[in-house]
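Right, one structure below, let's go through it.
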Protein chains: 2
Amino acid sequence: MSNVDEYSTDNLTNAELGFDLGTRLRSVREQYGLSQRELARRAGVTNGTISLIEQNKNSPSVASLKKVLDGIPLSLSEFFTLDLPSQDQIFFKAHELLALAKGAISLRQVGRNLRHRKLQILHERYAPGADTGTLMLQHDGEEGGIVLRGRIEIVVGGQNRVLEAGDAYYFDSRQPHRFRNVHDQECELISVCTPPSF
Amino acid sequence: MSNVDEYSTDNLTNAELGFDLGTRLRSVREQYGLSQRELARRAGVTNGTISLIEQNKNSPSVASLKKVLDGIPLSLSEFFTLDLPSQDQIFFKAHELLALAKGAISLRQVGRNLRHRKLQILHERYAPGADTGTLMLQHDGEEGGIVLRGRIEIVVGGQNRVLEAGDAYYFDSRQPHRFRNVHDQECELISVCTPPSF
DNA sequence: TATCATCGTTTAAAAAAATAAACAATAATC
DNA sequence: GATTATTGTTTATTTTTTTAAACGATGATA
């Protein structure tokens, strides 16, 4: 049994791991609204284990850390990857949407760095006559949307339709597709893609 | 001392971790052209430790795994993140959206069978005072949306905000969350989830 | 083919982590 | 205000991991 110096609080991880594993686990747990006991129950370990880990008083085995994270749930990869879900911006004022394009077509995106996001959400506006170009778009993923205002012609594969306010669409993005405002008023819609394509 | 059954070769990690930690370490080590002893020397552990880990005969503590990986060198994040290596309906008229809920909260979905779709797109309406219930929602995936009309209070993790028309949100759905219309007018928004959660 | 170096594996003893139960502090309920 | 639950922490014991050293196997060299 090692005689732990009573003055050393976080005796190991900070120095040896290069980051504060205990604090990271604690903040993740609190963020998900779990008590030590509740997480322990879900993970199949004791609450003491979690307490000791969070205080950096022991360094969990990979097996037990995995069990703990399963209770959240969070993968080992996610846990050790710096960008925890918390660090991302959650709320966006209208003026904070990222303008990807302006002019005949305005594209305003929810969130900036899409590296670690699974969804690209866009607020799109098409001026009368505007279109996505003569070339058909094609890329991996799936996409869909709902029209808020105006009319838009959408061509997908061989099919084409004019959608109005309230109408919607959904297709595999590998099918060649194209958007065009064939009306004399502006068209507005919300679109979604996965994974982000640009 | 536990009496390890002589027939069980990989007694723990495959089942408990969901991946073969020992084999992963071994392949990384060999990829870098290091013997167990050489890696042990660089890492400051004994060769026996590495041998046992690679055979999945013990589950290293995070601290010692970190020491081992430092000898390669490879970060914990990198180690756990290593690459392990239809003809559906496209267009939907407004009345064709699938009503998942009506009443104080109206949910109208783009597309019917979500089995083979990666996105769930919803047109949501919240009556004044309506909310998603006292229990916080929690499920796998990510979600986001844009407010079209009215105001809505959104609670995510510890944070809460009131969003208005044009504002948006995006978060990891495993964080406990809740929506509530705290205004005296109806609130309308477009939301997206991945993967579909119901 | 004998010798030497190096390899991965195994084993008893030492060290560290996980458990189970008790403890103290705070919040909730009657 | 007293009681009850629930929170995070701590401690003795059990379990697991790590060490240190020995073992057997392979390959190179003289």
Side-chain angles (χ1 to χ4, degrees), chain A residues 1-17 20-71, chain B residues 1-17 20-71 134 158:
Chain A
M1 177 64 71
S2 73
N3 216 340
V4 175
D5 176 11
E6 66 171 302
Y7 297 105
S8 70
T9 50
D10 57 352
N11 14 9
L12 33 89
T13 21
N14 283 332
E16 300 179 11
L17 291 182
D20 191 334
L21 186 147
T23 300
R24 184 177 295 193
L25 175 60
R26 173 162 292 171
S27 65
V28 169
R29 175 178 62 77
E30 290 175 343
Q31 188 175 343
Y32 285 82
L34 300 172
S35 69
Q36 289 182 344
R37 280 183 163 82
E38 173 61 16
L39 177 54
R41 191 190 61 74
R42 297 190 189 189
V45 300
T46 61
N47 60 307
T49 298
I50 291 177
S51 177
L52 293 169
I53 293 173
E54 290 187 349
Q55 297 170 85
N56 290 321
K57 290 195 173 171
N58 61 21
S59 179
S61 70
V62 172
S64 47
L65 179 61
K66 173 64 161 51
K67 281 166 66 178
V68 170
L69 294 178
D70 280 344
Chain B
M1 176 66 70
S2 73
N3 216 339
V4 175
D5 176 13
E6 66 171 301
Y7 296 105
S8 69
T9 49
D10 55 354
N11 13 8
L12 34 90
T13 20
N14 283 332
E16 300 179 12
L17 290 182
D20 191 333
L21 186 146
T23 300
R24 184 178 296 193
L25 175 60
R26 173 161 292 171
S27 65
V28 169
R29 175 177 63 79
E30 290 174 342
Q31 191 176 334
Y32 284 80
L34 301 172
S35 69
Q36 289 182 343
R37 280 184 162 82
E38 174 60 16
L39 176 55
R41 191 190 61 74
R42 298 190 187 188
V45 299
T46 61
N47 59 307
T49 299
I50 292 178
S51 176
L52 294 169
I53 293 172
E54 289 187 350
Q55 296 171 84
N56 290 321
K57 289 194 173 171
N58 62 21
S59 178
S61 70
V62 172
S64 45
L65 179 61
K66 174 64 162 51
K67 282 166 64 177
V68 171
L69 294 177
D70 279 345
T134 51

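Chain letters run A, B, ... following the sequence lines, proteins first, then strands; residues in each count from 1.
Salt-bridge annotation for A/Arg24 and A/Asp20: absent, with no side-chain N of the basic residue lying under 4.0 Å from a carboxylate O of the acidic one.
Straight-line distance from the CG atom of A/Leu52 to the C1' atom of C/dA20: 12 Å, rounded to whole Å. At whole-Å resolution of the value, CG in B/Leu65 and P in D/dT18 are 9 Å apart. As a whole-Å value, the separation of A/Arg29 CZ from D/dT9 C1' is 12 Å. One can place CD1 of B/Ile50 at 12 Å from P of C/dC7, the figure rounded to the nearest angstrom. Atom CD1 of B/Ile53 is separated from atom P of C/dT10 by 15 Å (rounded to the nearest Å). Regarding A/Asn58, its CG atom lies at a distance of 13 Å from the P atom of D/dT9, rounded to whole Å. Residue B/Arg26 contributes atom CZ, which lies 8 Å from atom C1' of C/dG8 at whole-angstrom precision. Residue B/Gln55 contributes atom CD, which lies 13 Å from atom P of D/dT17 at whole-angstrom precision.
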Pairs under 3.5 Å (N/O, protein and nucleotides 24-27 of chain D):
none

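Nearest approach of B/Val68 to B/Ala43, heavy atoms of both residues: CA-CB, 3.6 Å.
Partners of A/Ser35 under the side-chain hydrogen bond (donor to acceptor under 3.5 Å, both in side chains) rule, at least two apart in sequence or in another chain, do not exist in this structure. Judged as a side-chain hydrogen bond (donor to acceptor under 3.5 Å, both in side chains), and not counting sequence neighbours, the contacts of A/Gln36 are A/Glu54. For A/Thr46, the side-chain hydrogen bond (donor to acceptor under 3.5 Å, both in side chains) criterion is met by A/Thr49, not counting sequence neighbours. With sequence neighbours left out, B/Glu38 forms a salt bridge (charged side-chain N to carboxylate O under 4.0 Å, His left out) with B/Arg41, B/Arg42. Residues passing the salt bridge (charged side-chain N to carboxylate O under 4.0 Å, His left out) test with B/Arg37: none are found, sequence neighbours excluded. For B/Ala40, the side-chain contact (heavy atoms from CB on, under 4.5 Å) partners two or more places apart in sequence, or in a different chain, are B/Val45, B/Asn47, B/Ile50.
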- Go along nucleotides 21-27 of chain C 5' to 3' and tag each nucleotide: B for a protein heavy atom under 4.0 Å from its base, S when only backbone or sugar atoms are that close, - otherwise. -B-----
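Backbone-only engagement by A/Ser35 is indicated by non-hydrogen atom pairs under 4.0 Å involving sugar-phosphate atoms exclusively.
Phosphate proximity of D/dT6 to A/Arg41: absent, as no side-chain N or O sits under 4.0 Å from OP1 or OP2. Checking the phosphate oxygens (OP1, OP2) of C/dT10, a side-chain nitrogen or oxygen of B/Lys57 falls inside 4.0 Å. An OP1 or OP2 oxygen of C/dA18 is reached within less than 4.0 angstrom by no side-chain nitrogen or oxygen of A/Thr49. One finds a side-chain N or O of A/Ser64 lying less than 4.0 angstrom from the OP1 or OP2 phosphate oxygen of C/dA18. Checking the phosphate oxygens (OP1, OP2) of C/dT6, no side-chain nitrogen or oxygen of B/Gln36 falls inside 4.0 Å.
The shortest distance between side-chain heavy atoms of A/Ser61 and B/Asn58 does not fall below 4.5 Å.
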